[in-house]
Colleague: 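Let me begin by handing over the structure; questions about it come next.
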Amino acid sequence: MAATERPAPGRLRAWLLEGLSDIGRTGAAHAHPPPAHEGQRWYRVMCLTGVDYFSTLGYQPGIAALAAGLLSPIATIVLVLVTLAGALPVYRRVAAESPHGQGSIAMLERLLTFWKGKLFVLTLLGFAATDFLITITLSAADASTHLIENPHLNEALHDSQMLITLVLIALLGAVFLKGFLEAIGVAVALVGIYLSLNAVVVVAGLWHIATEGHVITDWSSALTAEHGNIFVMIGMALIVFPKLALGLSGFETGVAVMPHVKGDPGDTEEHPAGRIRGTKKLLTTAALIMSCFLITTSFITTLLIPAPEFEEGGQANGRALAFLAHEYLGNAFGTVYDVATIAILWFAGASAMAGLLNLMPRYLPRYGMAPHWARAVRPMVIVFTLVAFLVTWIFDASVDAQGGAYATGVLVLISSAAIAVTIAARKAGHRSWTIAFSVISVVFLYTTIANVIERPDGVKIGACFIAGIMILSLTSRLARSFELRVTSVTLDDMAERFVRDISSRRIRFIANEPDTRDFAEYRDKIEQIRRDNDVPAQEDFVFVEVTVTDPSEFESGLTVHGAVMHNRYRVLTLESASVSNALAALLLHVRDTTGCIPHIYFEWTEGSPSANFLRFFLFGQGEVAPVTREILREAEPDPVRRPRVHTG
């Protein structure tokens with residue numbers, strides 16, 4: 001099919017639109033994943049998702065202490081139980097159901113069809129964008145907090161939180177504009193160093209608690225005085241648990257990196273059993289490591305740090321473990337810890353940016369709901385960086401203020417995953433798993449609703465992202481309505497024979513909307529076309545009939561079948577999301593294969609042009625003749641080579 005010739009773009013435009021995806025060429029975008037039996041060992045890939053998951057230790061203990069106070073260790077145990085008994089089984093099932101990194105969004109997409117499926121996916125993409133963008137801004141804000149609160153730099157930088165955060169985000173965007181390679185080796189080194197330093201801080205904290213016996217006594221006495229018996233404590237912990245949901249982040253990323261996990265030699269893309277097994281090990285090991293650190297860090301920070309220090313302006317706000325590192329291991333070790341924390345938090349932002357660049361092109365272009373430039377990395381990096389600037393300004397670069405929005409994004413994605421695996425288990429006839437996943441879904445839905453009620457900022461930010469994605473998507477779909485969006489045309493033997501036969505004369509097609517498909521329908525149609533267009537009786541025709549499948553789809557291939565109806569009338573039948581696009585693609589294909597200009601004949605459609613365009617936009621039908629002609633005009637700029645459209 002002919003392609004429109006475009007003038008050569010300017011240097012800046014060419015640079016911005018260079019390649020579909022720099023990340024895609026390195027394998028991170030999953031558009032070109034390694035073969036099922038290749039890739040990296042699962043524990044190395046775990047570090048890639050770990051830069052996001054494990055880096056939350058930089059701020060999670062402080063947020064937990066602010067949310068739960070003295071109950072923080074007990075509430076964290078509840079969080080760990082939900083992680084191991086809820087989120088982990090859910091995502092192990094997601095890994096088995098979606099082994100190519102699509103995650104729970106793709107699982108739910110398969111369950112819903114037509115426009116309701118597209119709109120549901122766009123809604124989930126809005127919350128996913130909230131999750132990833134807040135990861136960037138929150139991580140940068142916490143990194144700047146660690147930098148400012150370092151004793152060697154505090155005096156010089158104490159009023160520069162906003163500026164440093166914006167600089168870190170801008171630096172992240174600049175790296176992606178140049179071309180970012182998601183290096184697993186760097187992630188392994190960062191995670192190894194960071195977890196080792198955290199282990200040292202935990203051991204030092206536990207040693208201090210053990211040697212200072214009154215610390216535990218003071219905490220337990222204060223806890224009993226404040227909450228009474230253990231049952232009241234557990235009840236309060238369950239109530240405040242949703243505020244600690246940040247500690248659940250990382251599971252969606254863990255599934256997204258599946259294509260990097262090395263499988264077995266016998267793995268295929270259809271059945272990558274080794275990759276699935278390795279990913280399950282990745283998810284389980286990461287959850288166990290994080291659970292141990294969550295419990296121990298919550299325990300030592302709650303017992304060793306005075307409560308006022310967790311508040312805004314306090315030395316432990318957003319950096320509880322760094323506070324202990326400086327307090328008990330000296331400023332030299334504390335500075336090393338700060339550097340490692342800043343590095344992994346910044347890399348977590350890079351991982352989130354890569355996630356955004358992977359996620360949006362995976363769905364929006366396929367729906368026709370993104371402009372052409374959205375397929376390139378650099379324009380999207382600029383858009384995401386500017387949005388991150390706006391979010392940072394709105395939240396005043398505060399870690400505490402962004403916690404609600406981050407938790408909302410995380411919880412919505414986990415809730416959607418729980419619902420998806422519940423439906424999958426029910427369809428597979430696994431009764432026990434269906435019941436278990438239903439209970440888990442209820443827990444996560446409760447947690448999500450409680451978080452939204454307690455901290456509505458998260459759902460407000462999510463709603464803004466959803467509205468932005470919806471408006472951009474529908475506007476883009478509207479602007480691209482007249483694109484030729486058929487990716488390929490294949491004719492069967494009978495259809496090829498029809499085309500070869502009529503190419504020896506003048507190629508004349510009749511667009512027919514099938515009704516009863518009886519003899520009279522075809523006879524009357526030909527008579528009407530001859531009468532309306534004054535075509536001589538000796539000219540013959542081939543009918544073309546298009547059946548609309550899913551009008552919400554944008555791009556698809558076209559398979560054309562030939563048939564002889566009533567031993568007389570030749571008919572080409574095809575299925576497509578849009579009648580006009582299918583007809584235009586067929587005409588161009590026939591022109592290119594035969595070297596002849598085909599003619600197609602329509603009758604006018606009754607009704608309002610506006611209503612007919614809406615029918616075309618939503619349902620792939622409507623006023624077919626002028627839309628087919630417009631698609632041909634867009635696809636073929638030369639009027640001499642353009643197939644002819646006749647309407648009577």
Side-chain angles (χ1 to χ4, degrees), residues 52 55-67 126-127 129-150 153-174 242-246 249 307-323 338 341-342 345-346 348-350 352-353 356 382-410 451-465 467-468:
D52 176 19
S55 68
T56 57
L57 290 172
Y59 45 82
Q60 171 71 13
I63 290 177
L66 275 176
F127 284 110
T130 304
D131 182 6
F132 285 122
L133 272 165
I134 297 296
T135 297
I136 293 171
T137 58
L138 187 146
S139 298
D142 197 47
S144 65
T145 299
H146 282 78
L147 192 64
I148 291 169
E149 293 298 332
N150 184 278
L153 301 173
N154 181 261
E155 187 173 342
L157 302 176
H158 69 281
D159 290 328
S160 306
Q161 174 94 14
M162 176 69 75
L163 177 61
I164 294 172
T165 303
L166 293 176
V167 168
L168 288 173
I169 294 172
L171 181 61
L172 178 67
K243 300 180 181 180
L244 278 63
L246 285 175
S249 68
E309 296 292 352
F310 291 112
E311 302 289 341
E312 186 172 352
Q315 295 183 46
N317 182 257
R319 57 184 300 276
L321 293 175
F323 177 88
D338 285 337
T341 304
I342 292 168
L345 285 168
W346 185 87
M353 179 70 84
L356 280 169
I382 293 173
V383 170
F384 292 141
T385 301
L386 292 176
V387 174
F389 283 166
L390 178 63
V391 172
T392 298
W393 176 72
I394 290 173
F395 286 106
D396 198 28
S398 168
V399 175
D400 300 332
Q402 295 178 77
Y406 186 27
T408 299
V410 170
N451 182 77
V452 168
I453 294 173
E454 179 71 22
R455 295 180 289 183
D457 283 349
V459 76
K460 290 177 182 177
I461 292 293
C464 290
F465 281 120

Colleague: Looking at residues at least two apart in the chain, or sitting in another chain, which of them share a side chain to side chain donor-acceptor pair (under 3.5 Å) with S144?
Modeller: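 Expected list: Q161, T165.
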Colleague: What is the distance from atom CG of L168 to atom CG of D142, rounded to the nearest 0.5 Å?
Modeller: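 So the CG of L168 and the CG of D142 are separated by 11.0 Å.
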Colleague: To the nearest 0.5 Å, what is the distance between CG on L57 and CG on L345?
Modeller: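 So the CG of L57 and the CG of L345 are separated by 10.0 Å.
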Colleague: As an exercise, state the distance from CH2 of W346 to CD1 of I136, rounded to the nearest 0.5 Å.
Modeller: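 Going from the CH2 atom of W346 to the CD1 atom of I136 covers 11.0 Å.
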Colleague: How long is the gap from CG on L171 to CG on L166, to the nearest 0.5 Å?
Modeller: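 Between atom CG of L171 and atom CG of L166 there are 12.5 Å.
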Colleague: Between G62 and F310, which heavy-atom pair has the shortest distance, and what is it?
Modeller: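 Distance-wise, the nearest heavy atoms are CA-CD2, 4.0 Å.
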Colleague: Sort out for me which residue in T392, V391, L386 forms a side chain to side chain contact (heavy atoms under 4.5 Å, CB included) with I169.
Modeller: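 The passing option is T392.
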